[in-house]
Amino acid sequence: MDGGPQYNPRTVEEVFRDFKGRRAGMIKALTTDVEEFYQQCDPEKENLCLYGFPNELWEVNLPAEEVPPELPEPALGINFARDGMQEKDWLSLVAVHSDAWLLAVAFYFGARFGFDKADRKRLFNMINDLPTIFEVVTGAAKKQVKEKSSVSNHSSNKSKSNSKVRGSESAKYSKGGQPKDEEEGLDEVDEEEHGDTLCGACGENYASDEFWICCDICEKWFHGKCVKITPARAEHIKQYKCPSCSNKRARP
């Protein structure tokens, strides 16, 4: 398999880095690259698995031939259920199994390299600080952030002239002509309100120095770099649809 692991992480930090890379690859398959992933999971093919790699790439392939395999194997036969369920339910199912596989791989490395109780706990806490793939794919991660927020009307930001984008370039979209001090005050509120917002593609947190864009259909926020949208391009988009919403097909 291309992109397979050619090294063995030995420390807690290395195992966590391996986990994050594999997770990012699988999130891409189930969100930004969902059309390609869907097409590759043909139910007419043999048992297929979704693999995530440390370099943030993903692959749909047959399971390893050796028994036992070098690493735990992902869920087998994800392609068979594709046409028997609604697409969002099928993607959620694959996401759940992907989360289970990531934990299995991380703790396989932990057992193999003799992590003690403290190391295992530290590894789990680092993993647990990230939303699961299931939470990212279903939007549950965003809902949890909304519930934690003390702001009563999060959606009111959609009416702001600069609501479509976030980040250092957002000043371009502020057309209210407020004095500089007021603009700085708004930035502080914006930072506080969106500090726990998660990218719908990679699941990472909002940061004020990064460019973000919001999907007008599902209202999820994305790093511009994750969905290949630049600030200049965003200025010319009247209604932004994220890759997942753009790729949704009508179901009979």
Side-chain angles (χ1 to χ4, degrees), residues 1-34 36-43 45-82 84-85 88-138 140-141 198 201-204:
M1 272 180 292
D2 295 336
Q6 301 298 320
Y7 73 100
N8 287 319
R10 294 174 180 272
T11 68
V12 171
E13 288 72 23
E14 286 173 342
V15 171
F16 181 61
R17 200 177 308 124
D18 180 276
F19 174 93
K20 281 184 70 177
R22 295 177 190 275
R23 172 181 172 276
M26 298 176 102
I27 287 175
K28 282 179 187 173
L30 297 172
T31 55
T32 54
D33 299 343
V34 68
E36 183 183 350
F37 171 67
Y38 185 93
Q39 295 299 334
Q40 288 190 28
C41 289
D42 185 346
K45 295 181 180 178
E46 296 181 57
N47 284 298
L48 294 175
C49 302
L50 172 61
Y51 292 87
F53 298 118
N55 57 0
E56 300 189 6
L57 297 179
W58 62 272
E59 179 181 67
V60 171
N61 210 331
L62 297 169
E65 293 182 1
E66 70 266 25
V67 179
E70 180 186 356
L71 290 175
E73 284 291 301
L76 187 65
I78 56 170
N79 50 313
F80 295 148
R82 189 194 75 177
M85 320 171 60
K88 65 181 179 63
D89 294 332
W90 175 67
L91 292 172
S92 298
L93 179 67
V94 176
V96 168
H97 286 293
S98 299
D99 282 318
W101 179 66
L102 287 177
L103 281 174
V105 171
F107 280 84
Y108 163 83
F109 284 131
R112 182 169 177 180
F113 296 110
F115 288 4
D116 60 18
K117 181 178 179 180
D119 283 342
R120 291 194 305 271
K121 184 175 182 180
R122 189 154 62 92
L123 175 60
F124 180 77
N125 286 339
M126 292 166 77
I127 289 172
N128 206 35
D129 281 340
L130 294 173
T132 64
I133 296 177
F134 176 80
E135 287 171 335
V136 172
V137 169
T138 61
L198 303 170
C202 70
E204 297 295 333

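Treat the numbers as computed from the prediction; the structure is a model and nothing was measured.
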Test Phe16 against every option in Leu130, Thr11, Asp129 by the side-chain contact (heavy atoms from CB on, under 4.5 Å) rule and name the one that passes. Leu130
Got more than 12 heavy atoms from elsewhere within 6.0 Å of CD, Glu46? no
From [X] [atom1] over to [Y] [atom2], what is the distance, rounded to the nearest 0.5 angstrom?
X: Lys20; Y: Met126; atom1: NZ; atom2: CE; value: 8.5 Å
X: Phe80; Y: Lys45; atom1: CZ; atom2: NZ; value: 11.5 Å
X: Arg120; Y: Phe107; atom1: CZ; atom2: CZ; value: 8.0 Å

Which heavy-atom pair separates [X] from [Y] by the least distance, and what is that distance?
X: Ile27; Y: Cys202; value: CD1-O, 3.8 Å
X: Thr32; Y: Ala201; value: CG2-CB, 3.6 Å
X: Leu102; Y: Arg22; value: CD2-CB, 3.5 Å
X: Leu48; Y: Gln40; value: CD1-O, 3.5 Å
X: Phe134; Y: Ala95; value: CA-CB, 3.7 Å
X: Gly203; Y: Val136; value: CA-CG2, 4.0 Å

Between [X] and [Y], is any pair of side-chain heavy atoms under 4.5 Å apart?
X: Cys41; Y: Ile78; answer: yes
X: Pro131; Y: Glu204; answer: no
X: Leu91; Y: Tyr38; answer: no
X: Phe19; Y: Phe109; answer: no

List the steps, then state whether side-chain contact (heavy atoms from CB on, under 4.5 Å) holds for Glu36 with Trp58. CA-CA 11 Å; Glu36 183 183 350; Trp58 62 272; 3.9 Å; yes
Step-by-step side-chain contact (heavy atoms from CB on, under 4.5 Å) determination, Asp18 to Val105: CA-CA 9 Å; Asp18 180 276; Val105 171; 4.2 Å; yes
For the backbone of Glu70 and the side chain of Tyr108, can you confirm whether one donor and one acceptor N or O come within less than 3.5 Å of each other? yes
Main chain of Ile133, side chain of Asp99: is a donor-acceptor contact present, judged purely on distance under 3.5 Å? yes
Evaluate Phe115 against Val15 for side-chain contact (heavy atoms from CB on, under 4.5 Å), listing each step before the verdict. CA-CA 11 Å; Phe115 288 4; Val15 171; 3.7 Å; yes
Just say parallel, tilted or perpendicular for the rings of Tyr51 and Trp101, cut-offs at 30° and 60°. perpendicular
Arg122 bridged to Glu13 by N-O distance under 4.0 Å: yes
Yes or no on side-chain contact (heavy atoms from CB on, under 4.5 Å) for Leu50 and Ser98, after CA distance, side-chain angles and deciding distance? CA-CA 8 Å; Leu50 172 61; Ser98 299; 3.9 Å; yes
